[in-house]
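In the text below, chain A, chain B and the rest are named by the order of the sequence lines, each starting its count at 1.
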Protein chains: 2
Amino acid sequence: MKPKRKYELLTEVELEFMNILWALDEGTVRDVLDQLPSERSLAYTSAATILRILEQKEFVTSRNRGKSHVYKPTLAKDVYQMRSLKDLSVKLFDDAPASLVARLVDDNELSEEALGQIRALVDRRLKNDTG
Amino acid sequence: MKPKRKYELLTEVELEFMNILWALDEGTVRDVLDQLPSERSLAYTSAATILRILEQKEFVTSRNRGKSHVYKPTLAKDVYQMRSLKDLSVKLFDDAPASLVARLVDDNELSEEALGQIRALVDRRLKNDTG
DNA sequence: CAGTATCTACGAAACAAATAGTAATTCAAG
DNA sequence: CTTGAATTACTATTTGTTTCGTAGATACTG
């Protein structure tokens with residue numbers, strides 16, 4: 001089958017699986033299934049299907065080990081994080097990242113510590129650019 | 001029909017419509033349709049269906065004006081922005097907003113100006129907390 | 001090598017999202 | 001009133017997502 005282009009974003013379940021694979025670096029159907037919370041109780045074959053779809057969409061590649069496949073992300077998590085943020089920014093924040101952060105720091109739940117970390121990150125980036 | 005509880009997030013098209021309603025404050029099917037880009041060419045009845053669904057999900061209310069309905073968001077945009085950010089943060093950033101911002105400022109496309117704005121926002125928030 | 005475990009591939013069922021057509025209603029204007 | 005344009009309510013179609021069962025392959029175990 002010809003692989004279709006233009007798969008941008010992961011679906012809900014695909015993201016759930018990718019998070020596990022990113023944490024493990026790679027894994028089999030069994031490995032992923034073992035990482036799911038017990039209350040998830042997903043059938044083995046369902047997990048296998050999801051991974052096959054992820055491979056078809058080229059979010060992972062697979063190699064053989066014994067009788068099973070080992071799946072590994074083709075896309076680094078930070079790359080996907082950035083892609084998701086860009087998507088959210090465009091769709092809900094008029095493509096203005098600053099207004100996204102504005103909303104974030106409006107959150108009263110946000111700890112002083114988190115705020116401090118955020119400022120440190122921004123400062124470091126500003127220094128590196130000018131220096 | 002009994003309204004189901006627990007509608008959290010908007011679908012793609014629902015968000016497209018809500019963005020228009022947030023900008024207009026309120027509007028009819030026709031109003032929304034007029035705001036869509038011309039290449040969108042969505043049937044009138046499709047737009048009406050989407051708005052009816054939004055009402056059913058309680059993202060908007062409607063009142064009658066003449067023979068048509070006027071739809072108005074029940075949810076402020078900034079509230080929904082925060083909800084979306086929380087969702088993304090949980091699903092993709094281990095619920096750590098600082099790491100979300102970290103990814104954002106890693107983006108080379110991000111302008112110096114945007115970075116400055118972000119820092120100003122954080123600074124202001126930090127000052128207000130301690131002051 | 002027979003039996004069992006486990007695995008993959010495929011198909012399909014169940015559900016949700018997006019779009020649009022049809023029928024019925026409403027209102028305004030001749 | 002009757003007609004016609006615009007509107008709503010409902011239904012249907014198509015497509016994508018999520019889940020799982022069945023069948024066949026593969027490897028291990030005695």
Q.
Please confirm whether the shortest side-chain N or O distance from A:R40 to OP1 or OP2 of D:dT19 is below 4.0 Å.
A. yes
Q.
Between P on C:dA18 and CG on B:L51, what's the gap in Å once rounded to a whole number?
A. 13 Å
**Q.** Side chain proximity check, B:K57 to B:E14, heavy atoms < 4.5 angstrom
**A.** yes
Q. On a plain distance test, is the side chain of B:T49 in donor-acceptor contact with the base of C:dA20 below 3.5 Å?
A. yes
Q: Return the set of residues passing side chain to side chain contact (heavy atoms under 4.5 Å, CB included) with A:S68 (not counting sequence neighbours), or none when no residue passes.
A: A:T28
Q | salt_bridge(B:R40, B:E16) N-O dist < 4.0 Å | A | yes
Q.
Using side-chain contact (heavy atoms from CB on, under 4.5 Å), reason through B:L36 and B:L42 one step at a time and then give a plain yes or no.
A. CA-CA 8 Å; B:L36 289 172; B:L42 187 69; 4.2 Å; yes
Q | Separation of C:dT8 P from A:I53 CD1 (nearest whole Å) | A | 15 Å
(Q) Counting the atoms with a prime plus P, OP1 and OP2 as sugar-phosphate, which does A:A48 contact under 4.0 Å by heavy atoms, base, sugar-phosphate, or nothing? (A) nothing
Q: Flag the pair B:K86 and B:D95 as a salt bridge only when some basic side-chain nitrogen lies within less than 4.0 angstrom of an acidic carboxylate oxygen.
A: yes
Q. Who is the Watson-Crick or G-U wobble partner of D:dT26, with both distances under 3.5 Å?
A. none
(Q) Treating B:D94 as the side-chain partner and B:A96 as the backbone partner, does any N or O pair qualify as donor plus acceptor under 3.5 Å? (A) no
Q) Could you go step by step and tell me if A:V29 and A:H69 meet the side-chain contact (heavy atoms from CB on, under 4.5 Å) rule? A) CA-CA 8 Å; A:V29 175; A:H69 297 334; over 6 Å; no
Q: With heavy atoms under 4.0 Å as the rule, sort A:E12 into base, sugar-phosphate or nothing.
A: sugar-phosphate
Q: Figure out the CG/P separation between B:L54 and D:dT8, and round it to whole Å.
A: 14 Å
Q. Atom CD1 of B:I50 and atom P of C:dA17: how far apart are they, to the nearest Å?
A. 10 Å
**Q.** Closest to side chain of A:T11, choosing from C:dA17, D:dT17, D:dT19
**A.** D:dT17
**Q.** A:S62 side chain to A:V70 backbone, donor-acceptor under 3.5 Å
**A.** no
Q.
How many whole angstroms separate atom CZ of B:R52 from atom P of D:dT7?
A. 15 Å
Q. Just how far, in rounded Å, is C1' of D:dT7 from CZ of B:R65?
A. 13 Å
Q.
What residues from residues 30-39 of chain B pass a heavy-atom cutoff of under 4.0 Å to DNA chain D?
A. B:R30
(Q) At less than 4.0 Å, is any side-chain N or O atom of B:S46 found next to OP1 or OP2 of C:dA20? Yes or no. (A) yes
Q: Return the nucleotide paired to D:dT14: Watson-Crick means purine N1 to pyrimidine N3 with N6-O4 or O6-N4, wobble means G-U with N1-O2 and O6-N3, both under 3.5 Å.
A: C:dA17
Q) Within the structure, does a side-chain N or O atom of B:Y44 lie under 4.0 Å from either OP1 or OP2 of C:dA20? A) no
**Q.** Length of the CD-C1' vector between B:E16 and C:dA17, whole Å
**A.** 13 Å
Q: Could you tell me the separation between the CG atom of A:L9 and the P atom of C:dA17, rounded to a whole number of Å?
A: 17 Å
Q | Pairing of B:E26 and B:R63 as salt bridge, 4.0 angstrom limit | A | yes
Q. Are A:N19 and A:K77 linked by a side-chain donor-acceptor pair shorter than 3.5 Å?
A. yes
Q.
With nearest nucleotide decided by heavy atoms, which residue, A:F17 or B:V70, maps closer to the 5′ end of DNA chain D?
A. B:V70
Q: For D:dA12, measure the glycosidic angle (O4'-C1'-N9-C4 for a purine, O4'-C1'-N1-C2 for a pyrimidine) and name it syn if it falls within 90° of 0, otherwise anti.
A: anti
Q) Touch check for B:L42, heavy atoms < 4.0 angstrom, all strands: base, sugar-phosphate only, or nothing? A) sugar-phosphate
Q. Using a cut-off of 4.0 Å between protein heavy atoms and nucleotide atoms, how would you tag nucleotides 22-27 of chain D 5' to 3' with B, S and -?
A. B---BS
